[in-house]
Amino acid sequence: MDRIRIRGGRALSGTIPISGAKNAALPLMATALLTDGPLTLTNAPDLADVTTMAGLLAQHGLSVTRDMAARTITLSGGATNLEAPYDLVRKMRASVLVLGPLVARFGQARVSLPGGCAIGTRPVDLHLKALEQMGATIDITAGYIEARAPGGLKAARIIFPQVSVGATENILMAATLAQGTSEIVNAAREPEITDLCACLMRMGARIDGLGTDRLVVEGVPVLGSAVHPIIPDRIEAGTYACAAAITGGQVLLGGARLDHLGAVVRILRDAGVDVAEADGGLKVSRLNGLRGTDVVTEPFPGFATDMQAQFMALMCVAEGAAMITETIFENRFMHVPELARMGARINFHGASAIVRGVPRLAGAPVMATDLRASVSLVLAGLAAEGETIVNRVYHLDRGYEHVEAKLAAVGADIERLPG
Ligand SMILES: CC(=O)N[C@H]1[C@@H](OP(=O)(O)OP(=O)(O)OC[C@H]2O[C@@H](n3ccc(=O)[nH]c3=O)[C@H](O)[C@@H]2O)O[C@H](CO)[C@@H](O)[C@@H]1O
Ligand SMILES: C=C(OP(=O)(O)O)C(=O)O
């Protein structure tokens with residue numbers, strides 16, 4: 001297994017290009033099941049999760065062409081196999097996003113239940129209830145969701161009792177081919193959902209209310225081909241903003257968008273980080289000390305759960321204390337004991353962690369069990385005295401394109417050690 005070695009203490013300086021967003025790319029790829037295509041996605045990131053999704057769609061029978069140099073993925077052909085197997089779904093929870101499109105287009109699907117993961121239980125009951133409201137029959141058999149809607153899905157008014165990104169995406173995709181006009185109330189408003197709406201509309205879908213919590217979808221009989229650019233990854237941008245801040249550096253995040261970062265920008269500014277729009281992206285610098293700043297994770301435009309671990313790493317070297325409350329996932333503090341091994345002072349109880357800043361972290365061998373926890377250890381390593389070895393780099397490869405090359409290019413002393 002590959003590892004990453006970091007020798008900390010260098011302030012970052014230069015430009016970091018931000019890749020296409022993982023959490024936009026995966027649902028966008030699933031939309032290819034709604035059409036014979038071709039659907040071409042540009043600005044596609046080179047990530048393990050994109051490869052997993054490409055593999056899943058290929059096993060459904062789609063033709064998948066990936067041009068790494070041009071950063072495009074082209075998907076075409078209808079699904080011939082309506083089953084998403086456990087081995088692929090278990091690897092990547094976004095696989096469950098094939099459910100809505102398959103039932104909407106083919107009237108049936110058999111998709112493994114994703115189960116939980118290192119950050120929480122990850123239920124899909126909201127997805128299933130909404131599909132039932134749209135006329136599907138759902139059975140859970142041998143760990144699989146079996147969905148049937150032989151006459152096609154019917155439009156419905158879906159009121160989500162809580163905001164769910166995945167359920168909004170699944171039902172939005174399903175509603176594009178349902179008979180009649182659906183309404184999705186209390187829809188998630190993440191930029192990735194607006195991007196999904198934009199792509200579906202390019203394919204011929206009729207959707208109103210983009211960027212709001214009420215989406216209205218008028219079903220159409222068929223969707224066609226489209227070329228769609230994937231939005232820049234706001235979580236990658238936020239992560240590198242924290243990298244600049246933790247090292248006392250100054251970077252330009254190439255292509256990053258301020259309006260996609262929601263509360264993350266306000267919180268970074270409160271903590272003493274300068275974030276400003278600049279030609280070609282966002283300029284992030286930190287010239288003075290960091291201030292302990294409280295944060296609560298919330299759906300967009302609140303502070304993203306996917307930024308919680310990285311912000312915690314930053315708070316480990318801030319002056320004063322910060323209370324970090326995680327409201328989305330019940331177990332998203334796996335980075336805490338690893339950061340503590342690097343000298344961080346953190347106590348947590350239930351959903352909240354109190355971080356008391358220390359002047360300097362110390363390098364150590366560390367490992368984490370999920371993507372954002374792993375990158376928080378990379379950030380800590382950039383600021384720590386001495387050498388940090390981050391194990392289980394495959395978590396990082398799920399969501400960060402060439403993380404060590406991007407950081408080395410702006411002055412970090414970081415390299416990948418092949419396993
Ligand atoms: C609202 C939110 O911040 N969602 C995050 C969530 O999306 P993801 O789509 O994975 O999760 P959801 O947005 O669906 O989950 C939000 C909350 O709803 C609950 N839930 C969800 C579906 C369901 O059927 N039943 C149910 O109870 C979840 O347990 C969770 O507490 O993880 C992704 C990966 O980290 C992030 O990119 C998303 O920003
Ligand atoms: C946890 C994440 O992804 P997933 O939902 O695929 O597990 C993430 O993007 O931080």
Side-chain angles (χ1 to χ4, degrees), residues 19 21-27 29-30 45 47-53 56 88-97 99-100 113-133 138 140 145 158 160-173 184 186-196 213 231 233-236 238-239 260-264 295-311 325-332 334-335 351 368-376 394-401:
S19 301
K22 159 176 107 58
N23 289 333
L26 303 176
M29 290 173 75
L47 297 171
D49 272 13
V50 170
T51 305
T52 305
M53 189 56 120
L56 176 62
L88 286 169
V89 179
R90 154 180 85 79
K91 244 174 141 176
M92 186 187 68
R93 261 122 211 106
S95 308
V96 80
L97 295 175
L99 179 65
L113 269 170
C117 71
I119 62 176
T121 48
R122 321 274 320 242
V124 291
D125 55 305
L126 300 176
H127 308 226
L128 304 186
K129 259 182 223 143
L131 284 174
E132 278 176 340
Q133 274 183 266
I138 308 278
I140 307 292
I145 304 159
I158 310 293
F160 284 124
Q162 71 187 91
V163 176
S164 162
V165 172
T168 302
E169 291 168 341
N170 236 334
I171 299 313
L172 174 65
M173 290 188 278
I184 307 175
N186 201 21
R189 289 181 283 162
E190 270 65 4
E192 293 77 22
I193 289 184
T194 307
D195 199 37
L196 179 61
D213 61 1
I231 54 169
D233 194 317
R234 65 193 168 100
I235 305 302
E236 189 195 23
T239 301
H260 284 178
L261 280 163
V264 169
V295 75
V296 179
T297 63
E298 284 171 339
F300 190 82
F303 191 97
T305 175
D306 292 352
M307 278 300 301
Q308 180 257 106
Q310 302 88 311
F311 188 73
T325 304
E326 172 59 56
T327 70
I328 309 294
F329 293 113
E330 66 273 21
N331 192 28
R332 211 172 194 182
M334 299 301 282
H335 38 291
T369 47
D370 77 89
L371 168 59
R372 311 299 171 188
S374 301
V375 88
S376 78
Y394 59 88
H395 289 298
L396 287 169
D397 293 337
R398 281 191 51 214
Y400 289 92
E401 188 172 40

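As a basis for the values below, the full set of heavy atoms in this structure was taken, side chains included, without hydrogen atoms, waters or symmetry mates. Indexing begins at 1, ligand by ligand and atom by atom, following the structure's order. All figures in this text were calculated on a predicted structure; none of them were measured in a lab.
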Counterpart residues, ring-ring contact (aromatic ring centres under 6.0 Å, His included), relative to Phe303 (two or more places apart): Phe311
Are any side-chain N or O atoms of Glu326 and backbone N or O atoms of Ile328, one a donor and one an acceptor, separated by less than 3.5 Å? yes
Between OG1 of Thr305 and CZ of Phe329, what distance do you get to the nearest 0.5 Å? 5.5 Å
Non-hydrogen atoms closer than 4.0 Å to ligand 2: which protein residues do they belong to? List them by chain and number, please. Lys22, Asn23, Ile119, Arg122, Asp306, Arg332, Leu371, Arg372, Arg398
Apply the test side chain to side chain contact (heavy atoms under 4.5 Å, CB included) to residues Lys22 and Asp233: give CA-CA distance (whole Å), side-chain angles for both, the deciding distance (0.1 Å), then the verdict. CA-CA 7 Å; Lys22 159 176 107 58; Asp233 194 317; 4.1 Å; yes
Extract all N/O-N/O pairs under 3.5 Å that connect ligand 1 to the protein, and present each with both atom names and the distance rounded to 0.1 Å.
| residue | atom | partner | partner atom | Å |
| --- | --- | --- | --- | --- |
| ligand 1 | 9 (O) | Gly166 | N | 2.8 |
| ligand 1 | 10 (O) | Arg122 | NH2 | 2.8 |
| ligand 1 | 13 (O) | Val165 | N | 2.7 |
| ligand 1 | 14 (O) | Ser164 | OG | 2.5 |
| ligand 1 | 18 (O) | Gln162 | NE2 | 2.9 |
| ligand 1 | 24 (O) | Pro123 | O | 3.3 |
| ligand 1 | 24 (O) | Asp125 | N | 3.0 |
| ligand 1 | 24 (O) | Asp125 | OD1 | 3.2 |
| ligand 1 | 24 (O) | Leu126 | N | 2.7 |
| ligand 1 | 25 (N) | Asp125 | OD1 | 2.7 |
| ligand 1 | 31 (O) | Ile328 | O | 2.6 |
| ligand 1 | 35 (O) | Asp306 | OD1 | 2.4 |
| ligand 1 | 35 (O) | Arg332 | NH1 | 3.4 |
| ligand 1 | 37 (O) | Asn23 | ND2 | 3.3 |
| ligand 1 | 37 (O) | Asp306 | OD2 | 2.6 |

NZ/NE/NH1/NH2 to OD/OE distance under 4.0 Å, Arg234 and Glu192: yes
Under a 4.5 Å cut-off applied to non-hydrogen side-chain atoms, are Ile119 and Arg372 in contact? no
Asn23 versus Asp306: any side-chain heavy-atom pair under 4.5 Å? yes
Got a sec, which residues hit side chain to side chain donor-acceptor pair (under 3.5 Å) with Ser95, two or more places apart in sequence or on another chain? none
Are Arg398 and Asp49 close enough, and set up right, to give a salt bridge (Lys or Arg N to Asp or Glu O under 4.0 Å), and what steps lead you there? CA-CA 5 Å; Arg398 281 191 51 214; Asp49 272 13; 2.8 Å; yes
